[in-house]
Number of protein chains: 2
Amino acid sequence: MRSSYKTQGMDTSQYTPGEVAARFGLSLDTLRYYEKEGLLTEVERTPSGHRRYRPSDVELLDLVRCLRDTDMPIARLREFAELVRDGDHTVQSRLELLADHDARLTERIAQLRERQQAIRHKIDYYRGVLAARSGEEDPR
Amino acid sequence: MRSSYKTQGMDTSQYTPGEVAARFGLSLDTLRYYEKEGLLTEVERTPSGHRRYRPSDVELLDLVRCLRDTDMPIARLREFAELVRDGDHTVQSRLELLADHDARLTERIAQLRERQQAIRHKIDYYRGVLAARSGEEDPR
DNA sequence: CTTGTAGCTGGAGCGCACTCCAGGTCAACC
DNA sequence: GGTTGACCTGGAGTGCGCTCCAGCTACAAG
């Protein structure tokens, strides 16, 4: 819970590492790791060197997590973050990158559903075995 | 392509490692790895020590691949394979294991779809940016 | 008999995405 | 001034799922 307000000027909504980590369910190590890997655009620091995340950082992190949750590899996320860093003229490229990921995701979901069907057939088969077995009961 | 037929008795439908690997798109190393990890019930050998996979092996491998493709960890697959090895009285447990996996899978698919929605919103946002930009054209 | 292709073993190595750690600093409160 | 708790750094370590390799054997074709 943000409690401290800095010496001068009300804090313009920045978040401590602890807050951000909690919000996304990440460890501090992971947060730092993402930064080190270039998935976050340069995070602000307090004079003493502690990180302060601004809303734009949090927003990017939100997207990064979304993409990670859908199995985009770190390397590809880095590419994306670089495009973001490079400014407005990269919007087209970002769009392509995301559209490509979206397509992969569609494919992946379809594959998972197919496999799930197969698994359910197996489950049904086992149910059948159990049913047949309880049908014969003890043969006395 | 099975061409060789063994010295005596037509081969009762066994497959060489190469055949099986090709069929499932696995490497020989992966195939051996699965066996070493206990995901396959004891595979037959020729007198000289070469593996010969029987239809039942192939069938189990098919299920194993299906489960791996849906991200079941090796350790869990081993549990499953052990149940298979332990015989018919484990059908109930196998059923539970598969049903559990099925539930996870449903959840995972739902999560992927949610994330995909978020990604699509971002894509739409970028499309909007590009559209607006081409709308203003060069301001002459 | 030589060559070629496929397979065998045990063990090392790899890429990925974290995760942990030692040894420090900073800021606030009692 | 001492303690506490959050944060800092660089670098090592981990777990998973393969993947590679050296050095060997098997066996069918030419």
Side-chain angles (χ1 to χ4, degrees), chain A residues 1-8 11 14-40 42-54 57 61 64-81 104, chain B residues 1-8 11 14-40 42-54 57 61 64-81 104:
Chain A
M1 284 141 190
R2 288 333 291 319
S3 51
S4 59
Y5 29 103
K6 288 254 98 42
T7 359
Q8 63 199 345
D11 73 18
Q14 331 177 78
Y15 308 91
T16 64
E19 285 165 352
V20 175
R23 175 153 165 185
F24 289 99
L26 300 176
S27 71
L28 293 174
D29 276 319
T30 301
L31 213 46
R32 285 191 285 259
Y33 167 71
Y34 283 176
E35 191 179 340
K36 204 181 334 182
E37 292 300 312
L39 310 192
L40 270 35
E42 11 58 57
V43 175
E44 300 265 294
R45 299 298 183 109
T46 64
S48 58
H50 289 198
R51 289 173 181 80
R52 281 299 112 95
Y53 296 86
R54 285 160 310 150
D57 296 321
L61 183 55
V64 162
R65 275 312 310 174
C66 186
L67 295 172
R68 269 302 299 144
D69 282 349
T70 52
D71 301 321
M72 182 180 286
I74 298 291
R76 198 129 174 91
L77 272 160
R78 180 164 37 238
E79 284 177 43
F80 183 79
R104 286 175 200 280
Chain B
M1 284 137 196
R2 287 339 288 318
S3 51
S4 59
Y5 29 104
K6 290 253 94 45
T7 359
Q8 65 201 346
D11 74 18
Q14 330 178 81
Y15 307 91
T16 65
E19 285 165 350
V20 174
R23 175 153 166 183
F24 289 99
L26 299 175
S27 70
L28 293 174
D29 275 318
T30 301
L31 213 47
R32 286 191 284 258
Y33 168 71
Y34 283 176
E35 190 179 340
K36 205 185 327 184
E37 291 301 312
L39 310 192
L40 271 37
E42 9 59 56
V43 175
E44 300 266 293
R45 301 297 183 110
T46 63
S48 58
H50 289 199
R51 289 173 181 80
R52 283 297 114 96
Y53 296 86
R54 286 160 310 151
D57 296 320
L61 182 55
V64 162
R65 275 312 310 174
C66 186
L67 296 172
R68 269 303 298 145
D69 282 348
T70 52
D71 301 320
M72 181 180 286
I74 298 291
R76 202 103 218 280
L77 272 161
R78 179 165 38 240
E79 283 177 43
F80 183 79
R104 285 174 200 280

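In what follows, every chain begins at residue 1, and chains take the letters A, B, ... in the order their sequences are listed. All heavy atoms count here, side chains included; hydrogens, waters and symmetry mates do not.
Atom CD in E44(B) sits roughly 17 Å away from atom P in dG7(C) (whole-Å rounding). When the P atom of dC8(C) is taken as reference, atom CZ of R52(B) falls 8 Å away, rounded to whole Å. Regarding M72(A), its CE atom lies at a distance of 11 Å from the P atom of dA17(C), rounded to whole Å. When rounded to the nearest whole Å, the span between CZ of R51(B) and C1' of dA26(D) equals 14 Å. Put simply, CG on D71(A) is 15 Å from C1' on dC18(C), counting in whole angstrom units. As a whole-Å value, the separation of E37(A) CD from dA17(C) P is 9 Å. Rounded to an integer number of Å, the gap from E35(B) CD to dC18(D) P is 15 Å. If you take CG of L77(B) and C1' of dC18(D), they are 14 Å apart, rounded to a whole angstrom.
Mapped onto DNA chain C by nearest heavy atom, T30(A) and S48(A) fall at different nucleotides, with T30(A) at the one closer to the 5' end. Position along DNA chain D of the nearest nucleotide to L28(A) versus Y33(B) favours L28(A) as the more 5'-ward residue.
When distances are taken from the side chain of R45(A) to each of dA26(D), dC18(D), dT9(D), the shortest belongs to dT9(D). The side chain of H50(A) sits closest to dC8(D) out of dA17(C), dC8(D), dG17(D). The side chain of P17(B) sits closest to dC8(C) out of dC8(C), dA17(C), dT19(C). Of the candidate nucleotides dG11(C), dC18(D), dG11(D), dC18(D) has the atom lying nearest to any side-chain atom of Y34(B).
Residue-environment remark: CZ (R104(B)) stays at or below the threshold of 12 foreign heavy atoms within 6.0 Å.
At a cut-off of 3.5 angstrom, the base of dC20(D) holds at least one donor-acceptor pair with the side chain of D29(B).
Nearest heavy atom pair, residue A81(B) against residue G38(B), reads CB-O, 3.2 Å. Listed here is the closest heavy atom pair of E42(A) and R54(A): O-NH2, 3.8 Å.
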For this session: Might you work through the salt bridge (Lys or Arg N to Asp or Glu O under 4.0 Å) test for E37(B) and R78(B), ending with a clear yes or no?
Result: CA-CA 7 Å; E37(B) 291 301 312; R78(B) 179 165 38 240; 2.8 Å; yes
For this session: For the pair E35(A) and R32(A), evaluate salt bridge (Lys or Arg N to Asp or Glu O under 4.0 Å) and give the outcome as yes or no after the intermediate values.
Result: CA-CA 5 Å; E35(A) 191 179 340; R32(A) 285 191 285 259; over 6 Å; no
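Contact between the side-chain N/O atoms of T46(B) and the OP1/OP2 oxygens of dA26(D) is not found at any separation under 4.0 Å.
Within the 4.0 angstrom heavy-atom criterion, base atoms lie near R32(A).
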